[in-house]
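Below is one structure, written out as structure tokens; the observations come after it.
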Amino acid sequence: MKTLSESRCFGGTQGVYSHTSQVTGCDMTFGLFLPPEAENEAVPLVWYLSGLTCTHENAMVKAGAQKWAAQEGLALVFPDTSPRGEGVPDDENYALGQGAGFYVNATEAPWSTNFRMWDYITEDLPRVLFSAFPLDESRQSIMGHSMGGHGALTVAMSFPGRFRSVSAFAPITHPTASDWGRKQLTAYLGTDESKWAPHDSVLLMRKRGFDGPILIDQGASDQFLDALKPEALAEAMMARRQQGILRMQPGYDHSYFFVSTFMEDHIQFHAEALYD
């Protein structure tokens, strides 16, 4: 692992690091914020999965999360959204290829060699984090935005007991039935739609739900609202009687102005679960 930068931030440290990933077959970069308490003890960790076109840097710089995390004594990790570099396949469409990993393990050419973001987020990066930094593996939560909200929800529901809470900003909730999903799932996983189901939060909610609280914020003026399908997730949560809150926020769109507005609520939501 290489340290690319470390900066003092709200009494803690905002670092940027890179490491060679055997899973993705390339160097991966991530941001990690450690609160002041990390100087003396292992601290809880909140994962933040970003959306389409983003790198590790977008949320790290724009979301304003560090201030609230420092107040609550929480670490934040900001992974990249896909493998990158020379020889890594890409596509001219922003919603496929580099910057658009969709948090799945691709099985189809040319993506299958590098695009294994499911294993990267759930196995590879955790090994790096918990071996190199003062983080409490028994206290984790996860959140994300858009494509990253899709990833946060599907990962959380697929690993019972790993995460104490999950939240999302404008998540892609039902990709198997969405323009933001069907093309990408076909490209990465093939045409057999049964292989798509483990990566659809609506289908997972219907099948198993989440063993903890959920918080979803969705902008009512989101320009991508029809593709995100929050109503499908709300219906699935109600049918399952899932512990959770889904809030429609009038006037808000899909941007980081929206995310940063409600970030304090999400950090406090995770802090309550992690320090319970």
Side-chain angles (χ1 to χ4, degrees), residues 24 28-31 46-63 65 77-84 88-106 111 114-122 125 142-158 166-189 196-205 214 216-219 222-230 232-233 252-256 258-260 262-263 266:
T24 64
M28 299 292 292
T29 302
F30 65 92
V46 178
W47 293 75
Y48 184 99
L49 305 187
S50 290
L52 287 170
T53 76
C54 291
T55 69
H56 69 282
E57 191 174 36
N58 294 71
M60 187 180 79
V61 173
K62 296 179 180 180
V77 62
F78 305 96
D80 203 346
T81 57
S82 77
R84 299 178 192 272
V88 176
D90 202 5
D91 191 274
E92 61 183 12
N93 188 317
Y94 75 93
L96 186 66
Q98 295 188 34
F102 266 80
Y103 305 101
V104 303
N105 285 340
W111 313 105
N114 303 105
F115 280 70
R116 301 186 61 79
M117 289 302 294
W118 181 270
D119 284 352
Y120 179 71
I121 293 297
T122 64
L125 185 54
I142 190 167
M143 62 175 164
H145 172 228
S146 194
M147 179 185 73
H150 138 81
L153 290 167
T154 56
V155 168
M157 285 188 274
S158 299
V166 58
S167 73
F169 302 91
I172 302 172
T173 68
H174 200 9
T176 64
S178 170
D179 291 340
W180 265 5
R182 293 189 62 83
K183 175 182 177 179
Q184 294 80 6
L185 294 174
T186 299
Y188 292 142
L189 302 178
W196 302 0
H199 300 288
D200 186 305
S201 61
V202 169
L203 300 182
L204 286 173
M205 179 59 64
I214 296 176
I216 309 289
D217 272 312
Q218 173 63 62
D222 192 316
Q223 59 270 45
F224 306 112
L225 195 56
D226 289 344
L228 300 172
K229 300 187 179 300
L233 181 60
Y252 285 91
D253 60 16
H254 200 72
S255 70
Y256 266 96
F258 157 64
V259 172
S260 61
F262 299 102
M263 180 57 72
H266 284 244

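No experiment lies behind these values; they were computed from the predicted model shown. We're numbering straight along the sequence, starting at 1. The analysis underlying the following values was restricted to heavy atoms, covering all of them including side chains, and did not include hydrogens, waters or symmetry mates.
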*Over 60° means perpendicular and under 30° means parallel, so classify the ring planes of Y252 and F258, tilted if in between.*
tilted

*Any side-chain donor-acceptor pair under 3.5 Å between H145 and N58?*
no

Any chance you could measure [X], atom [atom1], to [Y], atom [atom2], to the nearest 0.5 Å?
X	Y	atom1	atom2	result
L225	D253	CG	CG	11.5 Å
S146	D222	OG	CG	7.5 Å
M157	I214	CE	CD1	6.0 Å
I216	S167	CD1	OG	7.0 Å
Y120	L125	OH	CG	4.0 Å

Heavy-atom closest contact ([X] atom, [Y] atom, distance):
X	Y	answer
T186	R182	OG1-O, 2.8 Å
A177	K229	O-CE, 2.9 Å
I142	A156	CG2-CB, 3.9 Å
S50	A59	OG-CB, 3.9 Å
A152	G144	CB-N, 3.8 Å
P83	V88	O-CG1, 3.8 Å

Side-chain touch [X]/[Y], heavy atoms, less than 4.5 angstrom:
X	Y	value
T154	W118	yes
F102	H199	no
P175	H150	yes
Y103	T81	yes
V259	K62	no
R84	T29	no
P79	L49	yes
L52	W180	yes

*Counterpart residues, side chain to side chain contact (heavy atoms under 4.5 Å, CB included), relative to A106 (two or more places apart)*: W111, F115, Y188

_The test is side-chain contact (heavy atoms from CB on, under 4.5 Å); show your working for L233 and L153 and say whether it passes._
CA-CA 11 Å; L233 181 60; L153 290 167; 4.0 Å; yes

*How about D179: does its CG atom have over 12 heavy atoms from other parts shown lying under 6.0 Å from it?*
no

*asked:* Is there a side-chain contact (heavy atoms from CB on, under 4.5 Å) between Q218 and L228? Walk through the geometry before answering.
replied: CA-CA 9 Å; Q218 173 63 62; L228 300 172; 3.5 Å; yes

*Would you find a donor on one side and an acceptor on the other, under 3.5 Å apart, between the side chain of S201 and the backbone of T173?*
yes

*For D119, does its backbone N or O pair with a side-chain atom of N105 as donor and acceptor, under 3.5 Å?*
yes

*Going by the side-chain contact (heavy atoms from CB on, under 4.5 Å) test, name the single residue among V166, V77, V155 that passes it with W47.*
V77

_Does E57 form a side-chain contact (heavy atoms from CB on, under 4.5 Å) with D80? I'd like the steps, not just the answer._
CA-CA 8 Å; E57 191 174 36; D80 203 346; over 6 Å; no

*Just do the side-chain contact (heavy atoms from CB on, under 4.5 Å) check on K183 and N93 with the steps written out, would you?*
CA-CA 11 Å; K183 175 182 177 179; N93 188 317; 3.0 Å; yes

